[in-house]
Amino acid sequence: MIKTICDKNDFDKVFKRSRTDYENMREGVKRIIEAVKTNGDKALFEYTEKFDNLKITPQTVLVSEAEIEKAYKDVDVNTLEALRSAKNNIYEYNKRHIRHNKINCENGITTGYIVKPVTRAGIYVPGGKAAYPSTVLMCAIPAAVAGVKEIIMTTPGANTNPLTLVAARECGVNKIFKIGGAQAIAAMAYGTKSVPKVDVISGPGNIYVALAKREVYGEVGIDMVAGPSEILIVADESANADFIAADMLSQAEHDEMATSILITTNKELAESVKKRLCERLDKLSRRSIAEKSIDNYGAIVIVDSVDEGIALANKVAPEHLELCVKDAENHLRGIENAGAVFIGNYSPEPLGDYYAGPNHVLPTGGTARYASSLGVDNYIKKISVISYDENALRKVGKTIETLANAEGLTAHAEAIGVRIRK
(Lines give C-alpha, C1' and ligand atoms only; values in the text may rest on other atoms or scores of the structure.)
Protein backbone atom coordinates (compact mmCIF):
# COMPACT_ATOMS: atom_id res chain seq x y z
CA MET A 1 0.00 0.00 0.00
CA ILE A 2 1.07 3.64 -0.40
CA LYS A 3 3.70 3.88 2.29
CA THR A 4 4.26 7.61 2.50
CA ILE A 5 2.55 10.88 1.80
CA CYS A 6 5.22 13.07 0.28
CA ASP A 7 5.64 16.70 -0.64
CA LYS A 8 6.18 18.32 -4.02
CA ASN A 9 9.98 18.11 -3.75
CA ASP A 10 9.81 14.33 -4.01
CA PHE A 11 7.40 14.36 -6.93
CA ASP A 12 9.91 13.56 -9.67
CA LYS A 13 11.12 10.50 -7.78
CA VAL A 14 7.53 9.37 -7.20
CA PHE A 15 6.48 9.47 -10.84
CA LYS A 16 9.56 7.93 -12.42
CA ARG A 17 8.86 4.36 -13.41
CA SER A 18 11.48 1.76 -12.70
CA ARG A 19 13.53 1.36 -15.86
CA THR A 20 12.51 -1.86 -17.54
CA ASP A 21 14.84 -3.49 -20.01
CA TYR A 22 12.66 -3.12 -23.09
CA GLU A 23 15.56 -3.69 -25.48
CA ASN A 24 15.49 -7.47 -25.05
CA MET A 25 11.73 -7.43 -25.52
CA ARG A 26 12.12 -5.31 -28.63
CA GLU A 27 14.55 -7.76 -30.19
CA GLY A 28 12.13 -10.60 -29.55
CA VAL A 29 9.27 -8.61 -31.07
CA LYS A 30 11.33 -7.84 -34.17
CA ARG A 31 12.02 -11.56 -34.63
CA ILE A 32 8.30 -12.33 -34.40
CA ILE A 33 7.44 -9.63 -36.92
CA GLU A 34 10.10 -10.78 -39.37
CA ALA A 35 8.94 -14.38 -39.07
CA VAL A 36 5.30 -13.49 -39.79
CA LYS A 37 6.35 -11.16 -42.60
CA THR A 38 8.42 -13.94 -44.20
CA ASN A 39 6.44 -17.08 -43.39
CA GLY A 40 2.90 -15.74 -43.06
CA ASP A 41 0.29 -18.08 -41.60
CA LYS A 42 2.84 -20.72 -40.65
CA ALA A 43 4.65 -18.39 -38.24
CA LEU A 44 1.40 -16.77 -37.11
CA PHE A 45 -0.13 -20.10 -36.11
CA GLU A 46 3.06 -21.35 -34.46
CA TYR A 47 3.34 -18.25 -32.27
CA THR A 48 -0.35 -18.44 -31.40
CA GLU A 49 0.09 -21.99 -30.17
CA LYS A 50 3.29 -21.08 -28.31
CA PHE A 51 2.06 -17.94 -26.54
CA ASP A 52 -1.71 -18.43 -26.30
CA ASN A 53 -1.81 -22.23 -26.08
CA LEU A 54 -4.27 -22.27 -28.97
CA LYS A 55 -3.88 -24.50 -32.01
CA ILE A 56 -5.47 -22.82 -35.01
CA THR A 57 -5.66 -23.48 -38.73
CA PRO A 58 -6.75 -21.43 -41.75
CA GLN A 59 -10.21 -22.90 -41.17
CA THR A 60 -10.44 -21.96 -37.47
CA VAL A 61 -8.51 -18.69 -37.20
CA LEU A 62 -11.62 -16.69 -38.11
CA VAL A 63 -14.50 -16.44 -35.63
CA SER A 64 -17.45 -18.17 -37.27
CA GLU A 65 -21.07 -17.09 -37.54
CA ALA A 66 -22.01 -19.97 -35.27
CA GLU A 67 -19.62 -18.68 -32.60
CA ILE A 68 -21.09 -15.18 -32.85
CA GLU A 69 -24.63 -16.55 -32.62
CA LYS A 70 -23.65 -18.51 -29.51
CA ALA A 71 -22.07 -15.38 -28.03
CA TYR A 72 -25.38 -13.53 -28.37
CA LYS A 73 -27.11 -16.36 -26.49
CA ASP A 74 -24.49 -16.21 -23.73
CA VAL A 75 -24.91 -12.46 -23.11
CA ASP A 76 -27.82 -11.59 -20.84
CA VAL A 77 -30.45 -9.10 -21.96
CA ASN A 78 -29.51 -6.36 -19.48
CA THR A 79 -25.84 -6.46 -20.49
CA LEU A 80 -26.73 -6.34 -24.18
CA GLU A 81 -29.01 -3.37 -23.55
CA ALA A 82 -26.23 -1.57 -21.66
CA LEU A 83 -23.78 -2.25 -24.51
CA ARG A 84 -26.18 -0.88 -27.10
CA SER A 85 -26.86 2.22 -25.00
CA ALA A 86 -23.13 2.91 -24.74
CA LYS A 87 -22.67 2.21 -28.45
CA ASN A 88 -25.35 4.73 -29.42
CA ASN A 89 -23.90 7.40 -27.14
CA ILE A 90 -20.36 6.91 -28.46
CA TYR A 91 -21.64 6.85 -32.05
CA GLU A 92 -23.46 10.17 -31.62
CA TYR A 93 -20.36 11.76 -30.10
CA ASN A 94 -18.17 10.63 -33.00
CA LYS A 95 -20.69 11.81 -35.59
CA ARG A 96 -20.17 15.35 -34.31
CA HIS A 97 -16.48 15.10 -35.18
CA ILE A 98 -16.67 14.02 -38.81
CA ARG A 99 -14.47 16.14 -41.06
CA HIS A 100 -15.91 17.40 -44.33
CA ASN A 101 -14.29 18.43 -47.61
CA LYS A 102 -13.01 21.98 -47.50
CA ILE A 103 -12.50 23.62 -50.90
CA ASN A 104 -12.04 27.33 -51.58
CA CYS A 105 -12.49 28.73 -55.11
CA GLU A 106 -11.58 32.36 -55.83
CA ASN A 107 -9.99 34.31 -58.71
CA GLY A 108 -9.21 31.22 -60.76
CA ILE A 109 -7.62 29.43 -57.81
CA THR A 110 -8.99 26.33 -56.11
CA THR A 111 -7.29 25.04 -52.95
CA GLY A 112 -8.32 22.89 -50.02
CA TYR A 113 -8.67 19.23 -49.21
CA ILE A 114 -11.01 16.31 -49.66
CA VAL A 115 -11.57 13.77 -46.88
CA LYS A 116 -11.38 10.04 -47.57
CA PRO A 117 -11.48 7.12 -45.14
CA VAL A 118 -8.80 4.45 -45.20
CA THR A 119 -9.94 1.32 -47.03
CA ARG A 120 -9.29 -1.24 -44.29
CA ALA A 121 -8.71 -0.72 -40.56
CA GLY A 122 -7.41 -3.25 -38.06
CA ILE A 123 -8.28 -3.03 -34.39
CA TYR A 124 -6.50 -4.87 -31.60
CA VAL A 125 -8.54 -5.84 -28.53
CA PRO A 126 -6.68 -7.23 -25.50
CA GLY A 127 -7.91 -10.48 -24.04
CA GLY A 128 -5.32 -11.71 -21.57
CA LYS A 129 -5.88 -10.50 -18.01
CA ALA A 130 -9.39 -9.22 -18.68
CA ALA A 131 -12.01 -8.86 -21.42
CA TYR A 132 -12.46 -5.43 -23.01
CA PRO A 133 -15.63 -5.18 -25.10
CA SER A 134 -15.51 -1.44 -24.32
CA THR A 135 -12.30 -1.25 -26.38
CA VAL A 136 -14.21 -2.70 -29.33
CA LEU A 137 -16.68 0.20 -29.06
CA MET A 138 -13.92 2.79 -28.78
CA CYS A 139 -11.89 1.48 -31.74
CA ALA A 140 -14.57 0.28 -34.15
CA ILE A 141 -17.18 3.06 -33.84
CA PRO A 142 -14.87 5.92 -34.95
CA ALA A 143 -13.77 3.75 -37.90
CA ALA A 144 -17.38 3.04 -38.88
CA VAL A 145 -18.32 6.72 -38.54
CA ALA A 146 -15.32 7.68 -40.69
CA GLY A 147 -16.68 5.43 -43.45
CA VAL A 148 -14.02 2.70 -43.42
CA LYS A 149 -15.15 -0.01 -45.85
CA GLU A 150 -13.73 -2.98 -43.94
CA ILE A 151 -12.91 -3.32 -40.24
CA ILE A 152 -11.07 -6.39 -39.02
CA MET A 153 -10.34 -7.25 -35.41
CA THR A 154 -7.76 -9.43 -33.70
CA THR A 155 -8.03 -10.64 -30.11
CA PRO A 156 -6.36 -13.54 -28.27
CA GLY A 157 -8.81 -16.33 -28.99
CA ALA A 158 -8.34 -19.15 -26.48
CA ASN A 159 -11.21 -17.91 -24.34
CA THR A 160 -12.82 -15.15 -26.38
CA ASN A 161 -15.31 -13.27 -24.24
CA PRO A 162 -18.89 -13.49 -25.61
CA LEU A 163 -19.54 -9.79 -25.00
CA THR A 164 -16.41 -8.90 -26.98
CA LEU A 165 -17.75 -10.84 -29.98
CA VAL A 166 -21.20 -9.28 -29.60
CA ALA A 167 -19.66 -5.79 -29.37
CA ALA A 168 -17.75 -6.43 -32.59
CA ARG A 169 -20.88 -7.47 -34.45
CA GLU A 170 -22.87 -4.54 -33.05
CA CYS A 171 -20.20 -2.08 -34.18
CA GLY A 172 -19.88 -3.37 -37.74
CA VAL A 173 -16.62 -5.32 -37.50
CA ASN A 174 -16.43 -7.48 -40.64
CA LYS A 175 -13.99 -10.20 -39.50
CA ILE A 176 -12.66 -11.31 -36.12
CA PHE A 177 -9.43 -13.28 -35.91
CA LYS A 178 -8.42 -15.43 -32.91
CA ILE A 179 -4.88 -14.10 -32.69
CA GLY A 180 -3.12 -11.77 -30.31
CA GLY A 181 0.25 -10.37 -29.34
CA ALA A 182 3.01 -9.08 -31.59
CA GLN A 183 2.17 -11.76 -34.15
CA ALA A 184 -1.32 -10.31 -34.63
CA ILE A 185 0.12 -6.83 -35.21
CA ALA A 186 2.57 -8.26 -37.76
CA ALA A 187 -0.21 -10.14 -39.55
CA MET A 188 -2.32 -6.99 -39.90
CA ALA A 189 0.68 -4.90 -40.96
CA TYR A 190 2.01 -7.21 -43.68
CA GLY A 191 -0.91 -9.53 -44.40
CA THR A 192 -0.92 -13.32 -44.54
CA LYS A 193 -3.00 -15.78 -46.53
CA SER A 194 -5.62 -15.74 -43.75
CA VAL A 195 -5.33 -12.17 -42.42
CA PRO A 196 -5.62 -9.23 -44.84
CA LYS A 197 -3.18 -6.32 -44.73
CA VAL A 198 -4.71 -3.17 -43.23
CA ASP A 199 -4.00 0.53 -43.62
CA VAL A 200 -4.27 1.56 -39.95
CA ILE A 201 -3.93 -0.38 -36.68
CA SER A 202 -5.53 0.93 -33.50
CA GLY A 203 -6.16 -0.35 -30.00
CA PRO A 204 -4.22 -0.90 -26.76
CA GLY A 205 -2.28 -3.96 -25.65
CA ASN A 206 0.59 -5.17 -23.50
CA ILE A 207 4.21 -4.11 -23.91
CA TYR A 208 4.75 -6.62 -26.75
CA VAL A 209 1.80 -5.23 -28.68
CA ALA A 210 3.00 -1.67 -28.08
CA LEU A 211 6.53 -2.47 -29.27
CA ALA A 212 5.16 -4.30 -32.32
CA LYS A 213 3.07 -1.28 -33.28
CA ARG A 214 6.16 0.88 -33.00
CA GLU A 215 8.09 -1.49 -35.29
CA VAL A 216 5.45 -1.66 -38.05
CA TYR A 217 4.70 2.07 -38.10
CA GLY A 218 5.41 3.31 -41.60
CA GLU A 219 4.25 0.08 -43.17
CA VAL A 220 0.85 0.96 -41.70
CA GLY A 221 -0.51 3.87 -39.71
CA ILE A 222 -1.00 3.44 -35.97
CA ASP A 223 -3.04 5.34 -33.41
CA MET A 224 -0.30 5.58 -30.76
CA VAL A 225 2.15 3.52 -28.73
CA ALA A 226 0.36 3.26 -25.39
CA GLY A 227 1.86 2.10 -22.12
CA PRO A 228 0.37 1.17 -18.74
CA SER A 229 -2.70 3.13 -17.64
CA GLU A 230 -2.41 6.32 -15.56
CA ILE A 231 -4.66 8.47 -13.42
CA LEU A 232 -3.70 11.71 -11.71
CA ILE A 233 -6.21 13.43 -9.44
CA VAL A 234 -5.90 17.05 -8.29
CA ALA A 235 -8.09 17.58 -5.23
CA ASP A 236 -8.74 20.12 -2.49
CA GLU A 237 -10.70 19.98 0.76
CA SER A 238 -14.01 19.87 -1.15
CA ALA A 239 -13.25 16.41 -2.56
CA ASN A 240 -14.65 13.11 -1.28
CA ALA A 241 -11.91 10.75 -0.03
CA ASP A 242 -13.95 7.63 -0.77
CA PHE A 243 -14.56 8.76 -4.37
CA ILE A 244 -10.86 9.42 -4.89
CA ALA A 245 -9.76 6.08 -3.46
CA ALA A 246 -12.25 4.29 -5.72
CA ASP A 247 -10.98 6.18 -8.77
CA MET A 248 -7.32 5.45 -8.01
CA LEU A 249 -8.09 1.74 -7.70
CA SER A 250 -10.10 1.79 -10.92
CA GLN A 251 -6.82 2.32 -12.75
CA ALA A 252 -4.67 0.19 -10.44
CA GLU A 253 -6.72 -2.93 -11.24
CA HIS A 254 -5.80 -2.69 -14.94
CA ASP A 255 -2.15 -3.59 -14.62
CA GLU A 256 0.61 -4.07 -12.03
CA MET A 257 2.41 -1.16 -13.72
CA ALA A 258 -0.56 1.24 -13.76
CA THR A 259 0.03 4.58 -12.06
CA SER A 260 -2.41 6.19 -9.59
CA ILE A 261 -1.47 9.56 -8.09
CA LEU A 262 -3.32 12.03 -5.89
CA ILE A 263 -2.09 15.61 -5.67
CA THR A 264 -3.89 17.52 -2.94
CA THR A 265 -3.74 20.74 -0.99
CA ASN A 266 -5.29 19.10 2.07
CA LYS A 267 -3.31 16.82 4.41
CA GLU A 268 -6.47 15.52 6.13
CA LEU A 269 -7.84 14.43 2.75
CA ALA A 270 -4.54 12.73 1.96
CA GLU A 271 -4.65 10.70 5.17
CA SER A 272 -8.29 9.81 4.62
CA VAL A 273 -7.66 8.63 1.04
CA LYS A 274 -4.76 6.47 2.22
CA LYS A 275 -7.08 4.81 4.76
CA ARG A 276 -9.90 4.32 2.20
CA LEU A 277 -7.48 2.71 -0.26
CA CYS A 278 -6.70 -0.01 2.27
CA GLU A 279 -10.37 -0.58 3.02
CA ARG A 280 -11.45 -0.72 -0.62
CA LEU A 281 -8.58 -2.92 -1.76
CA ASP A 282 -9.90 -5.84 0.29
CA LYS A 283 -13.13 -5.87 -1.74
CA LEU A 284 -11.60 -6.03 -5.22
CA SER A 285 -11.79 -9.11 -7.44
CA ARG A 286 -8.42 -8.12 -8.94
CA ARG A 287 -6.84 -7.30 -5.62
CA SER A 288 -3.38 -8.74 -6.30
CA ILE A 289 -2.96 -6.64 -9.46
CA ALA A 290 -4.28 -3.45 -7.85
CA GLU A 291 -2.15 -3.95 -4.74
CA LYS A 292 1.08 -4.28 -6.72
CA SER A 293 0.17 -1.23 -8.78
CA ILE A 294 -0.54 0.92 -5.72
CA ASP A 295 2.53 -0.39 -3.90
CA ASN A 296 4.94 0.38 -6.73
CA TYR A 297 3.35 3.23 -8.68
CA GLY A 298 0.85 4.84 -6.31
CA ALA A 299 1.51 8.14 -4.55
CA ILE A 300 -0.12 10.94 -2.61
CA VAL A 301 1.56 14.34 -2.91
CA ILE A 302 0.89 17.45 -0.82
CA VAL A 303 1.08 20.88 -2.52
CA ASP A 304 0.37 24.44 -1.39
CA SER A 305 -2.30 25.34 -3.97
CA VAL A 306 -4.52 23.94 -6.68
CA ASP A 307 -2.57 25.92 -9.29
CA GLU A 308 0.63 24.27 -8.10
CA GLY A 309 -1.05 20.88 -8.39
CA ILE A 310 -2.13 21.65 -11.94
CA ALA A 311 1.40 22.75 -12.82
CA LEU A 312 2.69 19.35 -11.65
CA ALA A 313 -0.07 17.63 -13.62
CA ASN A 314 0.96 19.50 -16.77
CA LYS A 315 4.52 18.31 -16.20
CA VAL A 316 3.36 14.69 -16.01
CA ALA A 317 0.86 14.94 -18.93
CA PRO A 318 -1.21 12.04 -17.57
CA GLU A 319 -3.53 9.78 -19.53
CA HIS A 320 -6.47 10.58 -17.22
CA LEU A 321 -6.67 13.78 -15.15
CA GLU A 322 -9.44 14.36 -12.62
CA LEU A 323 -10.11 17.82 -11.19
CA CYS A 324 -11.90 17.31 -7.87
CA VAL A 325 -11.67 20.91 -6.69
CA LYS A 326 -13.93 23.88 -6.10
CA ASP A 327 -14.71 25.79 -9.31
CA ALA A 328 -13.23 22.92 -11.30
CA GLU A 329 -14.49 24.32 -14.63
CA ASN A 330 -12.50 27.51 -14.11
CA HIS A 331 -9.31 25.51 -13.57
CA LEU A 332 -9.73 23.79 -16.95
CA ARG A 333 -8.05 26.81 -18.55
CA GLY A 334 -4.84 25.91 -16.77
CA ILE A 335 -4.66 22.39 -18.21
CA GLU A 336 -2.10 22.11 -21.00
CA ASN A 337 -1.22 18.41 -21.11
CA ALA A 338 -3.61 15.50 -20.52
CA GLY A 339 -5.20 12.71 -22.50
CA ALA A 340 -8.64 13.35 -21.02
CA VAL A 341 -9.86 15.66 -18.25
CA PHE A 342 -12.70 14.73 -15.89
CA ILE A 343 -14.23 17.74 -14.18
CA GLY A 344 -15.84 17.64 -10.75
CA ASN A 345 -16.65 15.00 -8.16
CA TYR A 346 -19.29 13.29 -10.29
CA SER A 347 -17.23 12.74 -13.43
CA PRO A 348 -15.17 9.65 -12.55
CA GLU A 349 -12.76 8.17 -15.07
CA PRO A 350 -14.87 5.04 -15.82
CA LEU A 351 -17.52 7.39 -17.24
CA GLY A 352 -15.06 7.95 -20.09
CA ASP A 353 -14.11 4.28 -20.29
CA TYR A 354 -17.60 3.11 -21.08
CA TYR A 355 -20.14 5.72 -21.99
CA ALA A 356 -19.58 9.48 -22.27
CA GLY A 357 -18.36 9.42 -25.89
CA PRO A 358 -14.75 10.69 -25.94
CA ASN A 359 -12.36 7.82 -26.55
CA HIS A 360 -10.70 5.80 -23.81
CA VAL A 361 -7.71 4.96 -26.03
CA LEU A 362 -5.48 7.79 -24.81
CA PRO A 363 -1.83 8.86 -24.88
CA THR A 364 0.25 7.63 -21.93
CA GLY A 365 3.76 8.03 -20.56
CA GLY A 366 3.82 11.81 -21.03
CA THR A 367 2.92 11.66 -24.73
CA ALA A 368 -0.18 13.77 -24.07
CA ARG A 369 2.26 16.68 -24.48
CA TYR A 370 1.84 16.20 -28.23
CA ALA A 371 -0.63 13.35 -28.86
CA SER A 372 -4.43 13.08 -28.80
CA SER A 373 -7.03 10.44 -28.10
CA LEU A 374 -8.14 7.95 -30.74
CA GLY A 375 -10.97 9.27 -32.91
CA VAL A 376 -12.47 9.60 -36.36
CA ASP A 377 -9.37 11.45 -37.59
CA ASN A 378 -7.24 8.31 -37.12
CA TYR A 379 -9.21 6.59 -39.89
CA ILE A 380 -9.25 9.33 -42.52
CA LYS A 381 -6.86 11.02 -44.94
CA LYS A 382 -6.98 14.62 -46.07
CA ILE A 383 -6.03 14.80 -49.74
CA SER A 384 -4.87 18.23 -50.85
CA VAL A 385 -6.53 19.81 -53.90
CA ILE A 386 -4.85 22.54 -56.02
CA SER A 387 -6.11 24.11 -59.24
CA TYR A 388 -4.91 27.37 -60.88
CA ASP A 389 -6.16 28.69 -64.20
CA GLU A 390 -3.78 30.29 -66.69
CA ASN A 391 -4.14 33.86 -65.44
CA ALA A 392 -3.70 32.83 -61.80
CA LEU A 393 -0.50 30.93 -62.61
CA ARG A 394 0.92 33.87 -64.60
CA LYS A 395 0.52 36.15 -61.56
CA VAL A 396 2.69 33.96 -59.32
CA GLY A 397 4.87 32.17 -61.88
CA LYS A 398 7.94 34.42 -61.63
CA THR A 399 7.91 34.08 -57.81
CA ILE A 400 7.89 30.30 -58.04
CA GLU A 401 10.66 30.31 -60.69
CA THR A 402 12.82 32.51 -58.47
CA LEU A 403 12.43 30.18 -55.49
CA ALA A 404 13.02 27.02 -57.57
CA ASN A 405 16.19 28.47 -59.11
CA ALA A 406 17.40 29.52 -55.66
CA GLU A 407 17.24 25.85 -54.66
CA GLY A 408 19.04 24.81 -57.83
CA LEU A 409 15.98 22.92 -59.08
CA THR A 410 15.93 24.22 -62.63
CA ALA A 411 13.49 21.58 -63.89
CA HIS A 412 11.00 22.80 -61.27
CA ALA A 413 11.48 26.33 -62.54
CA GLU A 414 11.07 25.24 -66.15
CA ALA A 415 7.78 23.42 -65.37
CA ILE A 416 6.45 26.86 -64.46
CA GLY A 417 8.31 28.83 -67.10
CA VAL A 418 7.17 26.71 -70.04
CA ARG A 419 3.60 27.66 -69.16
CA ILE A 420 3.91 31.36 -68.44
CA ARG A 421 6.10 32.03 -71.49
CA LYS A 422 3.61 30.28 -73.78
Asn359 side-chain N/O to Gly375 backbone N/O, donor-acceptor pair under 3.5 Å: no
Backbone N/O of Glu319 and side chain of Glu230: donor-acceptor pair under 3.5 Å: yes
Pairs touching residues 341-359 that satisfy salt bridge (charged side-chain N to carboxylate O under 4.0 Å, His left out), sequence neighbours left out: none
Heavy-atom donor-acceptor pair, Asn314 side chain to Glu336 backbone, under 3.5 Å: yes
Contacts of type salt bridge (Lys or Arg N to Asp or Glu O under 4.0 Å), residue Asp327, not counting sequence neighbours: none
Of all pairs that satisfy salt bridge (charged side-chain N to carboxylate O under 4.0 Å, His left out), the ones with a partner from residues 62-83, not counting sequence neighbours: Glu65-Arg169, Glu67-Lys178, Lys70-Asp74
Donor-acceptor pair, side chain of Ser272 and main chain of Leu269, under 3.5 angstrom: no
Electrostatic pair Glu92:Arg96 at N-O distance under 4.0 angstrom: no
Salt bridge (charged side-chain N to carboxylate O under 4.0 Å, His left out) contacts in which one or both residues fall within residues 185-211, not counting sequence neighbours: Lys197-Glu219
Results of side chain to side chain contact (heavy atoms under 4.5 Å, CB included) for Lys175 - residues two or more places apart only: Leu62, Glu150, Ile152, Phe177
Spatial distance of atom CD (Gln183) from atom CG (Asp52) [nearest 0.5 Å]: 6.0 Å
ring-ring contact (aromatic ring centres under 6.0 Å, His included) contacts in which one or both residues fall within residues 97-116, not counting sequence neighbours: Tyr93-His97
